[in-house]
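Since this is a predicted model, take the numbers as computed values, not measurements.
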Amino acid sequence: MTQEEFLREWNDGSDKVLVYTSGSTGRPKPLWVEKRRMRNSARITCDFLGLKPGDTALLCMSTDYIGGKMMVVRSVERRLRLVSVPPSGHPLHDLPCAEPITFAAMVPMQVYNSLQVPEERERLMQIRHLIIGGGAVDDKLARALQGFPHAVWSTYGMTETLSHIALRRLNGAEATAWYTPFESVKVSLDAEGCLVIDAPLVHEGRLVTNDRAELSSAGGQVRFRILGRRDNVINSGGIKIQIEEVEAALRPFLRKPFLITKRPDEKFGEAVVILTEDTDLAGVSEVCVGALPRYWCPRKYVHVDRIPLTETGKPARAEALSLAQEV
């Protein structure tokens with residue numbers, strides 16, 4: 001969907017818009033969402049960041065998904081000047097405007113790629129409000145952003161919440177691992193330790209997520225940090241292993257792209273599997289043995305030509321699971 005097509009749909013007189021989930025854990029799912037709730041989400045973000053009419057917003061994500069749609073809605077609601085570039089891994093490569101961007105939303109891959117090119121890195125540093133969503137921001141990327149002069153935020157949200165409902169600062173003295181929900185949002189945990197969201201302005205009813213989380217309260221403000229997805233737990237020999245924790249432990253040591261997944265195992269029930277673009281599987285095994293607790297170590301090492309990713313750059317966990325079970 002192009003920006004013009006979405007704007008026609010936005011202005012067509014109906015009260016709902018069809019959106020699709022990202023498809024990180026399976027096929028993208030269609031959802032009908034209310035335009036009034038999308039407007040609420042847009043106002044909440046614009047108010048929090050202090051955006052005002054005439055500010056410049058960069059649209060560099062596909063309007064097929066909620067992240068791109070919400071950038072358009074924010075520009076409409078706050079009368080921002082929207083600068084659009086085709087979705088790509090290098091959104092700052094050839095901007096049609098010379099002045100600094102006031103507000104931009106990117107996925108981690110776009111930020112990472114922009115940091116590798118001096119001219120793009122300089123433009124990235126000039127963005128006054130940069131929010132990063134659509135995937136986890138790892139520690140290495142966060143460190144690369146630490147010295148940026150303007151605010152950089154990691155967002156937490158999903159299609160069902162019409163983009164983000166909480167932010168955490170990635171740079172400066174306010175950098176933290178904890179997400180702070182917007183004022184209109186309440187969070188709690190269910191019996192399995194998964195995050196429960198109560199955000200009446202953007203979602204009807206309580207939303208029970210698949211994200212295992214930890215809560216912290218300070219000064220009457222409840223914050224949270226994400227431990228990993230409930231469906232990304234590997235139960236191997238009675239030991240529960242969180243896939244995201246294994247990936248975080250390996251990320252500083254493996255240069256080639258990789259992904260942790262699982263496969264059925266006759267002895268242990270489930271076994272840890274690593275998919276890697278590295279052809280030196282013995283070297284990858286040596287790294288894993290040195291960096292991981294014994295019971296986290298993969299029992300199968302699989303070379304793949306390409307780590308499966310969704311269109312928005314998230315790990316395609318369902319596809320990874322299928323690849324692991326085929327070998």
Side-chain angles (χ1 to χ4, degrees), residues 37 40-51 67 70 74 103-108 111 127-230 232-233 240 242-249 251-252:
R37 295 188 186 275
N40 289 341
S41 174
R43 292 166 187 149
I44 290 169
T45 295
C46 290
D47 289 345
F48 181 87
L49 297 176
L51 300 177
M70 286 307 305
R74 291 172 193 131
F103 172 50
M106 297 184 186
V107 298
V111 177
I127 297 173
R128 246 180 49 218
H129 302 285
L130 174 62
I131 62 175
I132 306 173
V137 177
D138 65 33
D139 291 341
K140 184 176 180 181
L141 182 57
R143 286 195 297 272
L145 299 167
Q146 175 62 39
F148 271 40
H150 304 298
V152 184
W153 305 87
S154 172
T155 69
Y156 178 85
M158 57 205 69
T159 305
E160 292 84 348
T161 60
L162 310 180
S163 190
H164 49 270
I165 51 89
L167 298 173
R168 69 179 179 94
R169 185 73 177 261
L170 291 175
N171 66 325
E174 300 171 34
T176 177
W178 297 84
Y179 287 96
T180 299
F182 293 130
E183 285 186 9
S184 57
V185 177
K186 299 281 192 299
V187 294
S188 58
L189 299 180
D190 71 0
E192 297 185 57
C194 290
L195 191 70
V196 179
I197 300 170
D198 185 4
L201 294 180
V202 298
H203 184 274
E204 183 177 359
R206 294 165 73 249
L207 177 63
V208 181
T209 75
N210 281 320
D211 291 320
R212 296 176 56 246
E214 179 182 352
L215 302 184
S216 172
S217 182
Q221 174 68 61
V222 177
R223 302 184 302 165
F224 64 92
R225 68 185 185 97
I226 300 299
L227 304 177
R229 288 184 64 85
R230 175 174 54 189
N232 287 346
V233 172
K240 292 185 177 180
Q242 188 72 49
I243 283 177
E244 292 90 344
E245 292 182 340
V246 181
E247 291 174 343
R251 203 165 282 122

Without swapping roles, check the side chain of Asp138 against the backbone of Ala248 for a donor-acceptor pair under 3.5 Å. no
Closest non-hydrogen contact found for Leu215 with Ser188 is CD1-CA, 3.9 Å
Verify, without hydrogens or angle tests, whether Ser41 (side chain) and Leu162 (backbone) share a donor-acceptor contact under 3.5 angstrom. yes
Parallel under 30°, tilted from 30 to 60°, perpendicular over 60°: which one fits the rings of Tyr179 and Phe224? parallel
If I take atom CD1 from residue Ile226 and atom CD from residue Glu214, how far apart are they, to the nearest 0.5 angstrom? 10.5 Å
Would you check if the side chain of Arg168 reaches a backbone N or O of Thr176 as a donor-acceptor pair within less than 3.5 Å? yes
Return yes if some donor-acceptor pair links the side-chain N/O of Gln146 with the main-chain N/O of Gly172 below 3.5 Å, else return no. yes
With no hydrogens and no angle check, just 3.5 Å: does a side-chain donor-acceptor pair link Asn232 and Arg230? no
Under a 3.5 Å distance rule, please check whether His150 uses its side chain to pair with a backbone N or O of Val152 as donor and acceptor. no
Considering all heavy atoms, the nearest Pro181-Val222 contact: CD-O, 3.2 Å
Would you find a donor on one side and an acceptor on the other, under 3.5 Å apart, between the side chain of Glu244 and the backbone of Leu227? no
Side chains of His164 and Trp153 in contact at under 4.5 Å (non-hydrogen atoms): no
For the student: nearest non-hydrogen atoms of Leu207 and Met158, plus distance: CD2-SD, 3.7 Å
Identify which one of Val185, Asp198, Leu201 satisfies the side chain to side chain contact (heavy atoms under 4.5 Å, CB included) criterion when paired with Ile165. Val185
Side chain Thr209, main chain Leu195, donor-acceptor under 3.5 Å: yes
Which pair of heavy atoms, one from Arg74 and one from Cys46, lies closest together, and at what distance? CB-SG, 4.0 Å
Tell me whether Arg225 forms a cation-pi arrangement with Trp178, defined as NZ or CZ under 6.0 Å from the six-membered ring centre and within 45 degrees of its axis. yes
Answer whether the closest heavy-atom distance between the side chains of Pro108 and Leu141 falls below 4.5 Å. yes
Please identify each residue that fulfils ring pair (Phe, Tyr, Trp, His ring centres under 6.0 Å) with Phe148, with sequence neighbours left out. none
Minimum heavy-atom distance between Ala249 and Pro252, given as atom pair plus value: O-CD, 3.5 Å
Testing the basics here: between Leu189 and Val196, what is the closest heavy-atom pair and its distance to 0.1 Å? C-CG2, 4.1 Å
Distance check, rounded to the nearest 0.5 Å: Ile44 atom CD1 versus Glu183 atom CD? 10.0 Å
Taking atom OG of Ser154 and atom CZ of Arg169, what is their separation to the nearest 0.5 Å? 12.5 Å
Assess whether atom CZ of Arg251 is packed by more than 12 heavy atoms of other residues, nucleotides or ligands within 6.0 Å. yes
Any chance you could measure Ile131, atom CD1, to Ser163, atom OG, to the nearest 0.5 Å? 6.0 Å
Would you mind telling me which of Asp211, Thr180, Thr161 makes a side-chain hydrogen bond (donor to acceptor under 3.5 Å, both in side chains) with Tyr156? Asp211
What distance separates Leu170 CG from Thr155 OG1, expressed to the nearest 0.5 Å? 9.5 Å
Within a strict 4.5 Å, meaning less than it, do heavy atoms of the His129 and Leu51 side chains meet? yes
Arg212 side chain reached by Val233 side chain, heavy atoms, under 4.5 Å: yes
Would you give the length of the straight line joining atom CG of Leu130 to atom CG of Asn171, rounded to the nearest 0.5 angstrom? 9.0 Å
